[in-house]
Amino acid sequence: MALMLTAGQRHDSVMAQALLEHIRVPRTGPGRPRSTPDHVVADKAYSSRAFRAYLQRRGIIATIPEKDDQKKHRRNRGSHGGRPPGFDRETYRRRNTVERCFNHLKGFRGIATRYDKTATSYEAAVSLASFLLWARSCEDGP
């Protein structure tokens, strides 16, 4: 898991590349963690050409819906517009798991309202709340 804090008025997609650089995927056997996830599932806000190119350079499969204006622009360019990016609807539907996790985090009042004065203490609170949610999910079983 990787966690990065940004200013409240800053959009998440600005930090997407930096966040992916911090991810470490543990291996089941021996060896150092992988730094490249197999797949990224994101909403339309992450549908920029630059972010898709970044994912493609790193060999990461992306399931990101295309914005309507991007579709229109591509169609207007005709054969020069290129192919539409691949999109797996079933994989995208499972994105709600992550959204529900964020909603559970917001159930902690201090995280939802950001009472902490410093970024360090807020980050610690988010980490602790994430751990508590994980521990609760282990109690419930599969």
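For the single chain, residues carry numbers from 1 onward in sequence order.
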Novice: Search all heavy atoms of Pro26 against all heavy atoms of Arg24 and return the closest pair with its distance.
Specialist: CD-O, 3.4 Å
Novice: Test of understanding: with side chain to side chain contact (heavy atoms under 4.5 Å, CB included), list the residues that count as partners of Ala112, not counting sequence neighbours.
Specialist: Lys106
Novice: Salt bridge (charged side-chain N to carboxylate O under 4.0 Å, His left out) with Asp43: which residues, sequence neighbours excluded?
Specialist: Arg95
Novice: How many angstroms lie between atom CG of Leu19 and atom CD of Gln17, to the nearest 0.5 angstrom?
Specialist: 11.0 Å
Novice: Arg75: which residues meet the side chain to side chain contact (heavy atoms under 4.5 Å, CB included) condition with it, sequence neighbours left out?
Specialist: Lys71
Novice: Side-chain contact, heavy-atom cut-off 4.5 Å: Leu128 with Phe108?
Specialist: no
Novice: Test of understanding: with side chain to side chain donor-acceptor pair (under 3.5 Å), list the residues that count as partners of Glu66, not counting sequence neighbours.
Specialist: Arg74
Novice: When the side chains of residues 53-62 are checked against the rest of the protein, which donor-acceptor pairs come out under 3.5 Å, sequence neighbours left out?
Specialist:
unit_1	atom_1	unit_2	atom_2	d
Tyr54	OH	Glu21	OE2	2.5
Tyr54	OH	Arg58	NH1	2.7
Arg58	NH2	Ser35	O	2.7
Arg58	NH2	Thr36	OG1	3.3

Novice: What is the minimum heavy-atom distance between Ala45 and Lys67, and which atoms define it?
Specialist: CA-CE, 4.3 Å
Novice: If you compare all heavy atoms of Ala42 against all heavy atoms of Pro65, which two are closest, and at what distance to 0.1 Å?
Specialist: O-CD, 3.3 Å
Novice: Applying side chain to side chain contact (heavy atoms under 4.5 Å, CB included), can you list everything that pairs with Arg27, at least two apart in sequence or on another chain?
Specialist: Arg34
Novice: List in chain and number order the residues that pass side chain to side chain donor-acceptor pair (under 3.5 Å) with Thr120, two or more places apart in sequence or in another chain; answer none if no residue qualifies.
Specialist: none
Novice: Would you mind listing the cluster partners of Phe87? Hydrophobic ones only (ILVMFWY), side-chain contacts under 4.5 Å, chaining allowed.
Specialist: Val41, Tyr92
Novice: Enter the distance from Asn96:CG to Cys101:SG here, rounded to the nearest 0.5 Å.
Specialist: 11.5 Å
Novice: Only counting residues at least two apart or in another chain, list the ones meeting side chain to side chain donor-acceptor pair (under 3.5 Å) with Thr63.
Specialist: His39
Novice: Any chance the side chains of Ser127 and Ser130 put a donor and an acceptor closer than 3.5 Å?
Specialist: no
Novice: According to side chain to side chain donor-acceptor pair (under 3.5 Å), who are the partners of Asn76, at least two apart in sequence or on a separate chain?
Specialist: none
Novice: Is there side-chain contact between Phe51 and Ile64, with at least one heavy-atom pair below 4.5 Å?
Specialist: yes
Novice: Just jot down the side chain to side chain contact (heavy atoms under 4.5 Å, CB included) partners of Tyr122, sequence neighbours excluded, or say none.
Specialist: Leu5, Ile111, Arg114, Asp116, Val126
